[in-house]
Amino acid sequence: MLERQDGPLIIQSDMTVLLDCEHPLSEEARRMLILFAELVKRPGNWHTYKMSSLSLWNAASTGMDAATVIESLRKYARYGLPGVLETNIRTLMERYGELRLELSRHCLVLYGDDSLLDEIAGHPIILECLMERGTGGSWEVNPEYRGQLKQELIRLGFPVIDLAGYHTGEALSVSLRPLTLSGRSFELRDYQRQAVDLFYKEGTIQGGSGVIVLPCGAGKTIVGIAALARLNSATLILTSNATSVQQWKEELLDKTTLQPAEVGEYTGSSKEVRPVTIATYQILTHRKSKKDPFRHMRLFSERDWGLIIYDEVHLLPAPVFRMTADIQATRRLGLTATLVREDGCEEDVFSLIGPKQFELQWKTVEAEGHIASVKCTEIRVPMDQGISELYHSAEKRSRLRLAAENPGKVPVVRQLLERHEGTPTLIIGQYLDQLHSIAESLEVPVITGELPQNERQSLYEQFKSGDVPVLAVSKVANFAVDLPDAAVAIQISGSYGSRQEEAQRIGRILRPKEGRNEAWFYTIVTDDTSETEYAARRQMFLLEQGYQYELEKHQ
DNA sequence: CACGACGAAA
DNA sequence: AGGAGTTCGTCGTG
């Protein structure tokens with residue numbers, strides 16, 4: 001069974017794959033692996049990837065088949081492939097496509113082998129969505145349950161390809177401007193055009209719903225705008241916060257022929273419903289108290305939308321999924337920098353928004369120079385003498401906080417500031433006490449939630465102009481779209497193991513730089529404490545994207 | 001009416 | 001599990 005002795009991958013029958021990072025072919029193997037597997041652990045130089053049904057189906061949806069997966073694994077395997085695993089991959093991947101939803105004489109019909117239809121109909125919850133059984137492997141579906149059916153089937157392990165099509169929606173004439181309002185020439189980048197092409201091909205039934213994955217700074221908004229301009233229909237754009245609503249609006253007016261009167265903001269302060277309407281997830285899910293109805297969900301039916309754009313689809317809240325299940329005949333475009341959610345609703349994204357249509361690796365965009373090249377370093381510092389005793393006698397819960405707020409981090413930050421003097425730098429932390437004390441000893445201004453908007457704005461300005469070279473920021477930095485770009489980020493603490501947060505924070509320094517296009521990300525953690533474990537989890541997403549963290553130990 | 005402050009929600 | 005932040009709607013004030 002030993003076919004080859006020198007590959008970087010050890011492939012195990014439980015669908016996990018170990019990648020030897022020391023191996024000369026490890027980078028090549030990693031690039032192949034992430035097309036259909038996810039990074040789950042990274043102890044030292046062995047990274048553990050796992051293939052799941054969802055990661056395999058997402059691969060299948062972008063056109064990959066089981067034979068290709070198996071072939072690529074075999075190519076890099078150290079000890080060959082366990083037979084069970086091959087069968088597993090085949091079985092799972094072949095499921096993608098076994099069930100199809102199609103429109104047949106104005107009826108929604110589920111097609112599949114009769115035996116398979118028998119099997120799924122054994123589940124009462126599925127049976128509820130079905131109507132009349134047809135002949136030759138077909139079963140009529142209650143169109144109201146198009147979403148629920150897909151959602152439940154994927155939970156049972158059966159992905160459905162939805163070819164039932166979409167309604168066109170209210171027509172709206174829009175096109176992209178070759179010259180923006182601000183006078184710059186504007187053209188889609190190749191990958192942006194490619195993404196839109198995959199999302200919507202005129203005259204075909206395929207596409208029209210799905211997710212496009214692009215790194216921060218790679219122009220997700222532009223892809224959304226281009227999709228809108230391609231479809232030429234009324235569009236609802238849902239996004240994560242108020243600043244982002246404004247940004248979408250500015251971009252739409254700047255880069256398309258849409259007039260101000262055609263673009264509406266639906267937020268707390270204004271409730272405009274226009275041919276293109278931009279709303280926050282928050283307003284959709286707002287209610288006075290639990291048990292009250294969601295009063296703003298009717299926005300979904302307020303107009304005949306031909307397209308709904310879900311910006312930052314990894315943040316989409318559960319009630320919006322429920323609503324989305326009911327509008328499966330409307331085209332849906334999800335945009336995100338990561339398919340990873342911290343709440344495990346990836347399956348719902350797949351079944352209700354749609355499968356992944358396009359993904360661009362961060363490293364690829366970096367190689368093309370559209371984002372800065374980031375050097376990541378994890379710095380381990382020992383526990384400060386003063387609090388060491390406190391730490392050891394503390395409850396498990398407060399330990400993490402003590403480790404995170406370790407005063408021993410301060411001199412390290414000071415060193416880093418000296419090393420990068422003259423480069424715009426952000427110090428990012430999770431605890432207000434820690435931020436205030438560190439900012440005080442380094443004589444650096446701090447931005448937290450309690451600082452009024454206008455004062456934030458003025459600090460942003462000074463930071464942008466270079467008058468203030470270093471800024472300490474709290475969680476406000478995670479979503480503040482208007483925070484200027486920096487070249488160095490120093491993370492002194494973060495929230496538990498949030499992979500998303502780490503990605504967001506690195507996103508802060510990704511904008512292309514003059515000259516060598518370099519940026520630096522430092523994360524400072526206290527050695528020999530649980531903080532190192534959380535740090536490891538946080539780094540997972542970026543490791544998956546091909547970033548490497550250098551480890552630096554301080555005594 | 002425009003605003004700022006406040007509590008609730010997720 | 002927990003800390004920080006945002007947003008919405010309401011209510012009071014000028």
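Just so it is clear: chains get the letters A, B, ... in the order the sequence lines come, proteins before strands, and each one is counted from 1. Since this is a predicted model, take the numbers as computed values, not measurements.
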Peer 1: Please determine if Asp311(A) and Lys220(A) form a salt bridge, counting it only when a charged side-chain N lies under 4.0 Å from a carboxylate O.
Peer 2: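 Here Asp311(A) does not pair with Lys220(A) in a salt bridge, since their nearest N and O are not under 4.0 Å apart.
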Peer 1: Whole Å only: how far is the OH atom of Tyr431(A) from the P atom of dG5(C)?
Peer 2: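 So the two atoms are 12 Å apart, to the nearest Å.
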Peer 1: Between dC8(C), dA4(C), dG2(C), spot the one nearest the side chain of Ser474(A), thanks.
Peer 2: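 Selected nucleotide: dA4(C).
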Peer 1: Using whole Å, report how far CD1 of Ile278(A) lies from P of dT7(C).
Peer 2: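 Rounded to whole Å, this separation is 15 Å.
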Peer 1: Which one, dG9(C), dG3(C), dA10(B), comes nearest to the side chain of Arg401(A)?
Peer 2: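 Of all the options, the side chain of Arg401(A) is nearest to dG3(C).
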Peer 1: The side chain of Val476(A) is closest to which nucleotide in this list: dT6(C), dG9(C), dT7(C)?
Peer 2: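 The closest nucleotide is dT6(C).
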Peer 1: Across the strands shown, which category fits Lys396(A) at heavy-atom distances under 4.0 angstrom: base, sugar-phosphate, nothing?
Peer 2: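 Nothing, no heavy atom under 4.0 Å.
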Peer 1: Counting any heavy atom closer than 4.0 Å, what does Tyr496(A) reach on the DNA or RNA strands: base, sugar-phosphate only, or nothing?
Peer 2: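 Tyr496(A): base contact, heavy atoms under 4.0 Å.
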Peer 1: Between dA10(B), dG3(C), dG2(C), which nucleotide gets closest to the side-chain atoms of Arg287(A)?
Peer 2: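 For Arg287(A), the side-chain atoms sit closest to dA10(B).
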Peer 1: So, does Thr280(A) get its side chain near the phosphate of dC8(C), meaning an N or O under 4.0 Å from OP1 or OP2?
Peer 2: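 For dC8(C), OP1/OP2 do have a side-chain N/O of Thr280(A) under 4.0 Å.
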Peer 1: About how many Å separate OG1 of Thr529(A) and OH of Tyr391(A), when rounded to the nearest 0.5 Å?
Peer 2: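 Taking OH in Tyr391(A) and OG1 in Thr529(A), the distance rounds to 4.5 Å.
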Peer 1: Report the C-alpha distance between Tyr522(A) and His420(A) in whole Å, list the side-chain angles of each, state the deciding distance to 0.1 Å, and finish with yes or no for ring-ring contact (aromatic ring centres under 6.0 Å, His included).
Peer 2: CA-CA 12 Å; Tyr522(A) 298 95; His420(A) 294 286; 5.5 Å; yes
Peer 1: The side chain of Ile283(A) is closest to which nucleotide in this list: dG9(C), dG5(C), dT6(C)?
Peer 2: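 Looking only at heavy atoms from C-beta outward on Ile283(A), the closest nucleotide is dG9(C).
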Peer 1: Is it true that, when you exclude Glu170(A) itself, more than 12 heavy atoms of the residues, nucleotides or ligands shown sit nearer than 6.0 Å to its CD?
Peer 2: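 Yes, the 6.0 Å shell around CD holds more than 12 heavy atoms from other groups.
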Peer 1: Select one nucleotide: of dG5(C), dT10(C), dC8(C), the one nearest the side-chain heavy atoms of Thr267(A).
Peer 2: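 Of dG5(C), dT10(C), dC8(C), dC8(C) is nearest to the side chain of Thr267(A).
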Peer 1: Classify Arg456(A) by what it touches in the nucleic acid, base, sugar-phosphate, or nothing, heavy-atom distance under 4.0 Å.
Peer 2: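 Sugar-phosphate, no base atom in range.
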Peer 1: If you check the Gln430(A) side chain, which of dT6(C), dG9(C), dG3(C) turns out closest?
Peer 2: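 Comparing dT6(C), dG9(C), dG3(C) against the side chain of Gln430(A), the answer is dG3(C).
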Peer 1: Does OP1 or OP2 of dT10(C) have a side-chain N or O of Lys288(A) closer than 4.0 Å?
Peer 2: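 Yes, because at least one side-chain N or O of Lys288(A) sits under 4.0 Å from OP1 or OP2 of dT10(C).
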Peer 1: Given dG9(C), is OP1 or OP2 found less than 4.0 Å from the side-chain N or O atoms of His296(A)?
Peer 2: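 Yes, because at least one side-chain N or O of His296(A) sits under 4.0 Å from OP1 or OP2 of dG9(C).
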Peer 1: Examine dG9(C): is either OP1 or OP2 under 4.0 Å from a nitrogen or oxygen in the side chain of Lys271(A)? Give yes or no.
Peer 2: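 Lys271(A) to dG9(C) OP1/OP2: side-chain N or O found under 4.0 Å.
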Peer 1: Which listed nucleotide (dA10(B), dG2(C), dG9(C)) is nearest to the side chain of Ser495(A)?
Peer 2: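 For the Ser495(A) side chain, the nearest candidate turns out to be dG2(C).
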Peer 1: Rounded to the nearest Å, what distance is computed from the NE2 atom of residue His286(A) to the P atom of nucleotide dG7(B)?
Peer 2: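 The distance from NE2 of His286(A) to P of dG7(B) comes to 15 Å, rounded to the nearest Å.
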Peer 1: May I ask you to check if Lys356(A) and Phe350(A) form a cation-pi contact, with NZ or CZ under 6.0 angstrom from the six-membered ring centre and within 45° of the axis?
Peer 2: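 The answer is no, since Lys356(A) fails at least one limit relative to Phe350(A).
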